[in-house]
Amino acid sequence: MPERGWTIHLADGSRILVELHTNRSRTEAFAVVLVTAVEGFEVCVTRYDTAHDQPHRDVLGRRGGLIEKEWLLLSQKSEAFDYALKDVRANYERSIEYYLTH
C-alpha cells in the first residue's frame, strides 16, 4: 500500500500534517492533522482520520482534550480526504481559537 506524507506550512506558523495511504489509486486511509505552537509546545488542534474505519474529525480543546467526534457521512474515503484537507486549510484559524478556549 503506497504511503505518502507531506506538510503544509500556514501563514501563522501552524502546520497541516498530511498522511495518505492508497491501494491502486484508491484511498484506504488518511490523516489530516492541524498542529500549532502553544507556550512553546507543539499541540494537535484538530484532526481528521480514518481510525475506526470511518472518516471523522476529532474536535479537541486545550482544557477538555477530546471534546467530540464528528463522523463524516461521505460515500468514499477519497471524498472525505478532499473535504478534510479543504476544511482544515480554510478554517485553521477558527479551529485554533476553538482549541485555545475549550
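Note that the numbering runs from 1 along the sequence shown for the chain. Since the model is a prediction, treat every value here as computed from it, not as a measurement.
With a 4.5 Å cut-off on side-chain heavy atoms, L74 and Q76 do not count as touching. The shortest distance between side-chain heavy atoms of H56 and D49 falls below 4.5 Å. The side-chain heavy atoms of R47 and L60, taken from C-beta on, include a pair separated by under 4.5 Å. When side chains are defined from C-beta on, K69 counts as touching D58, because their heavy atoms get closer than 4.5 Å. Looking at W6 and L20, their side chains come closer than 4.5 Å, going by heavy atoms from C-beta outward. Between L34 and Y99, every side-chain heavy-atom pair lies at or beyond the 4.5 Å cut-off.
Using bins of under 30°, 30° to 60° and over 60° for the plane-to-plane angle, the ring pair W71/H52 lands in the perpendicular bin.
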Pair F30-L85, side chain to side chain contact (heavy atoms under 4.5 Å, CB included): steps then yes or no: CA-CA 10 Å; F30 68 83; L85 197 52; over 6 Å; no
Side chain to side chain contact (heavy atoms under 4.5 Å, CB included) between V45 and Y92, worked out: CA-CA 9 Å; V45 172; Y92 75 91; over 6 Å; no
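Between the side chain of T36 and the backbone N or O of E42 there is no donor-acceptor pair closer than 3.5 Å. In this structure a side-chain-to-backbone donor-acceptor pair under 3.5 Å is missing from R62 to T101. Using modelled atom types, no side-chain atom of D87 and backbone atom of Y83 make a donor-acceptor pair closer than 3.5 Å.
Hydrophobic clustering, with ILVMFWY side chains joined whenever heavy atoms are under 4.5 angstrom apart, groups L72 together with L66. V38 and I16 end up in the same hydrophobic cluster when Ile, Leu, Val, Met, Phe, Trp and Tyr side chains are linked at under 4.5 Å. V33 and Y98 fall into different hydrophobic clusters, where Ile, Leu, Val, Met, Phe, Trp and Tyr residues are linked whenever their side-chain heavy atoms come under 4.5 Å apart, directly or through other members. I96 and V59 fall into different hydrophobic clusters, defined by Ile, Leu, Val, Met, Phe, Trp and Tyr side-chain heavy atoms under 4.5 Å apart, directly or through other members.
Between K77 and the choices T27, T50, D53, D82, the side chain to side chain donor-acceptor pair (under 3.5 Å) rule is met once, by D53.
One finds the OG1 atom of T46 at 10.0 Å from the CD atom of E68 (value rounded to the nearest 0.5 Å). Here the CZ atom belonging to F81 is positioned 14.0 Å from the CD atom belonging to E28, to the nearest 0.5 angstrom.
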